[in-house]
Amino acid sequence: MTTRRARLCCLDLDTFFVSVERLLDPGLHGVAVVVGGHKGGRGVVTSASYEARAFGVRSGMSIRDASALAPDAVFLPGHHEQYTSYSRRAREIVERFSPTVVAASIDEQYVDFHGCESLYRKAEDADDDATILRVVRTMTKTIDDELGLPASAGIATSKSLAKVACTLAKPRGVRFVRPGEEEAFLAPLPVRKLPGIGPVSEAKLARAGIVTLADLARAPDALLRPVFGAYTAGIRRDARGLGGADLGRERPAFREHDPRGLSLGSISNERTFAETSASDTASILCGLCERVCARARSRGVRAGCVTLRLRYSDFETITRSRSIAPTNVDVEVHCAVLALYRRARTRRLPVRLLGVALSKLSLEGPQLQLPAMDGGARRARTIDAVREKYGYDALHLATTTERSKRRSAS
DNA sequence: TCTGGGGTCCTAGGACCC
DNA sequence: TCTGGGGTCCTAGGACCC
């Protein structure tokens with residue numbers, strides 16, 4: 001039997017968006033910063049500095065609530081291109097320390113150090129665990145020194161546990177959970193700390209008297225099955241710190257292509273509106289179709305299924321989807337979306353959100369020469385070429401531009 | 001916690017085929 | 001014509017994550 005070693009590392013950039021904003025504007029250091037929108041405006045908090053958290057601001061909270069809690073905070077809509085760029089640079093640093101890195105999101109990565117001990121061993125290290133701990137500390141310090149981004153890390157025997165350890169290590173901390181100490185480490189924590197348990201499961205568990213991870217680890221299967229379904233066994237393993245040591249797979253958005261032949265994921269775009277003017281829905285849908293199709297073409301995939309998402313002002317949310325002949329051509333997707341919209345829009349209530357998603361993605365295969373394409377595909381490629389040169393908004397389908405004209409006229 | 005936007009994965013019912 | 005069961009795909013909804 002092989003002994004479990006704590007060699008999986010979860011690395012998370014602390015208050016990532018806020019940290020990047022502080023690099024762009026050093027005057028933001030030491031003050032309460034909230035990223036997600038203008039003060040008092042719509043939207044939700046995507047990142048809050050510790051100074052803002054002191055007032056009770058949390059990510060996911062509406063900007064309006066955050067404005068009430070921390071009226072003197074600096075509110076910023078954010079610079080997403082910058083976040084992407086810094087995320088990539090952080091990853092490049094992590095890859096210097098281990099070849100096995102999986103990005104879980106823009107600010108979170110998992111690193112496998114199995115087999116790296118001899119590479120980094122130093123005489124001063126008490127044992128291999130000490131070696132790995134030292135290397136991870138060096139790694140987070142390098143990210144801070146070179147990019148100016150604070151980071152935290154958790155090191156453990158499983159992915160799930162490394163994640164929990166990382167959360168507890170924040171900010172600017174590194175937490176190492178030794179093999180054998182997993183269950184004791186997790187036992188007193190509230191169930192909500194475990195990845196995969198959200199507010200709904202937390203409430204259901206509480207009703208069954210399950211509050212801590214120790215409770216969860218002991219709970220009979222019959223109690224957990226209705227809450228977690230197929231996840232039951234995995235959740236219980238994770239609650240005892242005995243989860244798997246595999247890193248999971250890279251999110252499709254962070255993958256160049258799909259070497260393992262697994263699902264290519266999905267591509268979606270949605271918009272929530274302040275005021276809902278029904279006359280605009282056609283052009284909004286058109287714009288959404290254009291966007292997802294442009295992304296599909298740039299990723300070299302076609303969609304075999306299109307989904308429309310519609311949310312009424314009372315928050316009732318409806319999805320309608322349809323399988324289609326694989327395509328990434330705007331007009332074909334738009335046509336399917338309009339049919340779905342007619343099916344979905346049964347109530348008179350104002351609409352607050354519209355979304356379009358592409359799924360059942362497949363690789364395009366060898367690129368067709370322009371003359372061999374049909375009209376729609378040819379037009380789409382030409383539009384891509386113009387946008388490549390002059391920017392995304394250089395060209396839109398007629399329905400989309402009419403709306404922006406009307407808006408700028410009013 | 002009156003709630004954005006990008007995703008992943010699971011469930012469950014019905015259609016359809018053999 | 002009726003019956004049953006299994007497999008698979010499609011569709012809609014929902015929980016969760018960052």
Side-chain angles (χ1 to χ4, degrees), chain A residues 10 12-17 34-38 41-48 56-69 77-78 80 83-84 87 103-110 159-160 163-164 166-167 191-205 225-232 234-235 238 248-255 262-274 288 291-292 295 299 304-324 340 343-344 352-361:
Chain A
C10 170
D12 200 301
L13 301 166
D14 299 336
T15 63
F16 178 51
F17 296 173
V34 177
V35 177
H38 295 289
R42 299 177 59 77
V44 300
V45 177
T46 50
S47 185
V57 177
R58 296 284 178 272
S59 59
M61 171 183 280
S62 74
I63 289 288
R64 199 173 313 240
D65 289 350
S67 307
L69 288 169
H80 218 86
Y83 306 154
T84 308
S87 171
S105 77
I106 197 162
D107 63 355
E108 187 182 317
Q109 300 173 52
Y110 289 90
K159 184 183 175 187
S160 162
K163 165 80 177 154
V164 177
C166 180
T167 308
V191 291
R192 192 59 210 277
K193 290 278 181 220
L194 201 68
I197 299 183
V200 176
S201 303
E202 180 188 30
K204 286 183 190 165
L205 292 173
R225 176 96 16 210
V227 181
F228 298 112
Y231 291 123
T232 304
I235 287 277
D238 287 344
R249 65 193 176 100
E250 194 99 333
R251 290 266 305 278
F254 296 88
R255 250 186 275 153
L262 297 167
S263 156
L264 291 163
S266 63
I267 297 172
S268 67
N269 196 192
E270 60 186 48
R271 266 203 54 202
T272 299
F273 332 105
L288 294 171
R291 270 218 140 64
V292 291
R295 283 165 60 197
R299 269 165 67 173
C305 182
V306 49
T307 302
L308 170 89
R309 217 158 112 84
L310 182 159
R311 177 129 71 211
Y312 289 106
S313 54
D314 67 355
F315 235 74
E316 189 199 7
T317 308
I318 289 165
T319 64
R320 290 289 175 270
S321 59
R322 201 169 107 178
S323 291
I324 53 172
L340 292 170
R343 251 203 310 135
R352 89 189 303 275
L353 171 146
L354 286 171
V356 171
L358 302 179
S359 57
K360 278 204 264 174
L361 303 180

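The figures that follow rest on heavy atoms only: side chains count, while hydrogens, waters and symmetry mates do not. So that the names make sense, note that chain A is the first sequence line, chain B the second, and so on, each numbered from 1.
In this structure, Tyr231(A) forms no aromatic stack with the base of dC10(B), since the conditions of centre separation below 5.5 Å and plane angle below 30° are not both met.
Using bins of under 30°, 30° to 60° and over 60° for the plane-to-plane angle, the ring pair Tyr83(A)/Phe17(A) lands in the parallel bin.
In terms of position along DNA chain B, the nucleotide closest to Val45(A) lies nearer the 5' end than the nucleotide closest to the other residue of the pair Val45(A) and Gly229(A). Comparing Ile267(A) and Arg64(A) against DNA chain B, the residue whose closest nucleotide sits nearer the 5' end is Arg64(A).
In this structure, Lys360(A) atom NZ and dT8(C) atom P are separated by 16 Å, rounded to whole Å. One interatomic measurement links the two molecules: CZ of Arg352(A) to P of dT3(B), which rounds to 6 Å at whole-angstrom precision. As a whole-Å value, the separation of Leu340(A) CG from dC10(C) C1' is 13 Å. Atom CG in Asp238(A) sits about 15 Å away from atom P in dC16(C), given to the nearest Å. Between the CZ atom of Arg311(A) and the P atom of dT3(B) there is a distance of 11 Å, rounded to whole Å. As rounded to whole Å, 8 Å separates atom P of dG13(C) from atom CD of Glu316(A). Rounded to whole Å, the distance from CG on Leu264(A) to C1' on dC9(B) is 16 Å. Rounded to an integer number of Å, the gap from Ile324(A) CD1 to dC9(C) P is 18 Å.
For Ser321(A), a side-chain nitrogen or oxygen approaches OP1 or OP2 of dA12(C) to under 4.0 Å. Applying the 4.0 Å criterion to OP1 and OP2 of dT8(B), one finds that Ser266(A) has a side-chain N or O inside that range. At dG6(B), one or more side-chain N or O atoms of Asn269(A) fall inside 4.0 Å of OP1 or OP2 (strictly under the cut-off). Proximity of Thr272(A) to the phosphate of dG5(B): a side-chain N or O atom is located under 4.0 Å from OP1 or OP2.
Residue Lys204(A) is out of contact with every strand shown, counting any heavy-atom pair closer than 4.0 Å. Among the atoms of the strands shown, none is found under 4.0 Å from any heavy atom of Ile63(A). As judged by a 4.0 angstrom heavy-atom cut-off over every strand, Ser201(A) is placed among residues touching the sugar-phosphate backbone only. Across all strands shown, Arg343(A) has heavy atoms under 4.0 Å from sugar-phosphate atoms exclusively, and none from any base. At a threshold of 4.0 angstrom between heavy atoms, the contacts of Arg42(A) are confined to the sugar-phosphate backbone, with no base atom among them. Val200(A) comes within contact range of the sugar-phosphate backbone alone, with a heavy-atom separation under 4.0 Å but no base atom that close. Residue Arg320(A) is classed as a sugar-phosphate contact, given heavy-atom separations below 4.0 Å to backbone atoms only.
Here the nucleotide nearest the side chain of Thr319(A), chosen from dG6(B), dG13(C), dG4(B), is dG13(C). Considering only side-chain atoms of Ser323(A), the nucleotide from dC18(C), dG6(B), dC10(C) that sits closest is dC10(C). Of the candidates dC18(C), dT11(C), dT1(B), dC18(C) carries the atom nearest the Lys163(A) side chain, counting heavy atoms from C-beta on. The side chain of Arg192(A) sits closest to dC17(C) out of dT11(C), dC17(C), dC2(B). Residue Asp65(A) has its side chain nearest to dT1(B) when only dG4(B), dC10(C), dT1(B) are considered.
When Watson-Crick and G-U wobble pairs are counted only if both distances are under 3.5 Å, dC18(C) pairs with dG5(B).
Counting heavy atoms of neighbouring residues, nucleotides and ligands inside a 6.0 Å radius, atom NZ of Lys193(A) does not exceed 12 of them.
With Phe315(A) as the aromatic partner, Arg311(A) meets the cation-pi criteria of under 6.0 angstrom to the ring centre and within 45 degrees of the ring axis.
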### Task
Any chance you could lay out the side chain to side chain contact (heavy atoms under 4.5 Å, CB included) test for Glu270(A) and Leu353(A), step after step, and finish with the verdict?
CA-CA 7 Å; Glu270(A) 60 186 48; Leu353(A) 171 146; 3.7 Å; yes
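Remark: His38(A) NE2 to Ile63(A) CD1 distance equals 10.0 Å, nearest 0.5 Å. Between the CD atom of Glu108(A) and the CZ atom of Phe16(A) there is a distance of 12.5 Å, given to the nearest 0.5 Å. Once rounded to the nearest 0.5 Å, the distance linking OH of Tyr312(A) with OG1 of Thr317(A) reads 10.5 Å.
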